[in-house]
Amino acid sequence: MAIERTFSIVKPDAVARNLVGAIYSRFETAGLKIVASKMLLLSSEQAEGFYGEHKERPFFPHLVKFMMSGPVMVQVLEGENAIAKNREIMGATNPADAAAGTIRHDFAQSIDANSAHGSDAPASAAREIAFFFNENEIFSR
Ligand code: RTP
Ligand code: MG
């Protein structure tokens with residue numbers, strides 16, 4: 001399996017509860033390298049644009065409001081099978097369905113405050129990385 005990159009967010013609920021290091025540690029322990037990282041407060045344009053695929057869904061306004069409710073950490077993770085591996089580490093969208101030992105099972109509070117985002121496919125990973133990072137801000141190693 002080739003080395004892959006994926007895009008990840010530590011969502012506002014997890015940043016607010018001082019869980020950035022605990023979540024980054026899960027990535028590193030699983031063999032994913034953090035090759036880019038920054039903290040930011042999303043603008044409405046960023047939150048709506050980032051989750052544009054969901055704009056017709058009933059939960060969209062709520063999702064956008066939540067994602068703007070406090071600072072987030074955005075990062076690029078790199079490693080073998082990074083996209084699927086990160087989704088596995090995160091667990092199911094609804095923490096009530098997430099397996100023990102996953103980020104969402106262990107840290108998330110609700111389907112909204114579910115602590116982490118991860119790209120779901122190579123095309124979305126490429127789009128999401130480019131949405132937040134220039135190539136010269138990413139340090140593969
Ligand atoms: P994410 O994009 O944040 O990594 O989450 P995901 O792939 O596991 O789930 P997705 O279907 O892409 O949904 C994006 C976020 O929207 C919220 N959501 N709420 N109330 C609902 O039925 C519902 N469904 C989704 C979640 O916060 C989810 O992470
Ligand atoms: Mg998604």
Side-chain angles (χ1 to χ4, degrees), residues 1-135 137-141:
M1 166 60 76
I3 298 295
E4 211 172 52
R5 284 179 182 172
T6 192
F7 177 75
S8 162
I9 302 179
V10 179
K11 293 189 179 184
D13 66 291
V15 175
R17 287 177 292 137
N18 221 15
L19 292 168
V20 174
I23 291 174
Y24 274 26
S25 178
R26 303 269 176 124
F27 301 146
E28 294 186 329
T29 300
L32 295 175
K33 291 179 180 173
I34 298 158
V35 296
S37 171
K38 60 190 167 192
M39 181 179 276
L40 63 151
L41 189 59
L42 298 182
S43 65
S44 54
E45 290 75 19
Q46 284 174 313
E48 287 167 13
F50 181 77
Y51 276 120
E53 66 177 304
H54 295 309
K55 69 174 180 294
E56 305 306 331
R57 308 281 288 278
F59 60 81
F60 181 72
H62 201 69
L63 172 61
V64 166
K65 192 171 167 206
F66 169 70
M67 290 301 292
M68 295 173 63
S69 66
V72 297
M73 296 294 304
V74 295
Q75 49 279 335
V76 179
L77 307 177
E78 189 177 83
E80 273 189 24
N81 209 12
I83 297 168
K85 190 179 276 182
N86 181 44
R87 298 283 294 188
E88 198 179 306
I89 295 166
M90 290 195 321
T93 308
N94 187 343
D97 303 326
T102 62
I103 289 169
R104 283 163 166 171
H105 174 276
D106 294 351
F107 301 132
Q109 300 174 301
S110 67
I111 194 168
D112 300 305
N114 64 359
S115 300
H117 161 81
S119 307
D120 58 14
S124 52
R127 180 187 81 83
E128 292 172 3
I129 290 169
F131 194 91
F132 284 106
F133 292 100
N134 296 315
E135 195 57 37
E137 296 176 301
I138 304 173
F139 298 90
S140 286
R141 60 199 198 276

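Side chains are part of it too, since the values below use all heavy atoms of this structure and drop only hydrogens, waters and symmetry mates. The model shown is predicted, which means the values in this text are computed figures rather than measured ones. Just follow the structure's listing: the first ligand is 1, and inside any ligand the first atom is 1. Count residues from 1 along the sequence.
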Practice task
Please say whether more than 12 non-hydrogen atoms of neighbouring residues, nucleotides or ligands are located less than 6.0 Å from CD in Glu88.
Solution key: no
Heavy-atom proximity to atom 19 (N) of ligand 1, picking from Phe66, Phe60, Phe59, points to Phe59
Q.
For a side-chain hydrogen bond (donor to acceptor under 3.5 Å, both in side chains) check, start with the C-alpha distance between Asn86 and Thr6, then their side-chain angles and the critical distance, and finish with the verdict.
A. CA-CA 8 Å; Asn86 181 44; Thr6 192; 4.5 Å; no
| Pair Leu40-Gln46, side chain to side chain contact (heavy atoms under 4.5 Å, CB included): steps then yes or no | CA-CA 11 Å; Leu40 63 151; Gln46 284 174 313; 3.7 Å; yes
Checking heavy atoms under 4.0 Å, the part of Leu63 that sits near ligand 1 is side chain
**Message:** Evaluate His117 for polar contact with ligand 1, using N/O atom pairs at a separation under 3.5 Å.
**Reply:** yes
Honestly, for Tyr51 the part within reach of ligand 1 (heavy atoms, under 4.0 Å) is side chain
Quick note on ligand 1: atoms under 4.0 Å from a heavy atom of Gly118 include exactly 4 (O)
Atoms of ligand 1 under 4.0 Å from any heavy atom of Thr93, numbered from 1 in the order shown, are 6 (P), 8 (O), 9 (O), 26 (C), 28 (C), 29 (O)
Next on the checklist: Is there a polar contact, in the sense of an N or O pair closer than 3.5 Å, between Arg57 and ligand 1?
Outcome noted: no
*Quick one: sort the Phe50 and His117 rings into parallel, tilted or perpendicular, breaks at 30° and 60°.*
perpendicular
**Study point:** N-O pairing of Arg26 and Asp106 below 4.0 Å
**Key:** yes
protein heavy-atom neighbour closest to atom 27 (O) of ligand 1 works out as Ile111 O, 2.6 Å
closest protein heavy atom to atom 29 (O) of ligand 1 is Asn114 ND2, 2.9 Å
Of all the heavy atoms in Lys11, does at least one lie under 4.0 Å from an atom in ligand 1? yes
Between Glu137 and Lys38, is there a salt bridge with N-O shorter than 4.0 Å?
-> yes
Contact region, His62 to ligand 1, non-hydrogen atoms below 4.0 Å, reads neither
Distance col, row Leu77:CG vs Ile83:CD1, nearest 0.5 angstrom, shows 10.5 Å
ask   = Are the aromatic ring centres of Phe7 and Phe132 under 6.0 angstrom apart?
value = yes
Just to check, does Asp112 reach to within less than 4.0 Å of ligand 1 when the distance is taken from its heavy atoms?
yes
Closest heavy-atom approach to atom 5 (O) of ligand 1 among Arg87, Met90, His54, Arg104 is made by Arg104
Could Lys33 and Glu78 be called an ion pair, given the rule that one side-chain N must be under 4.0 Å from one carboxylate O?
no
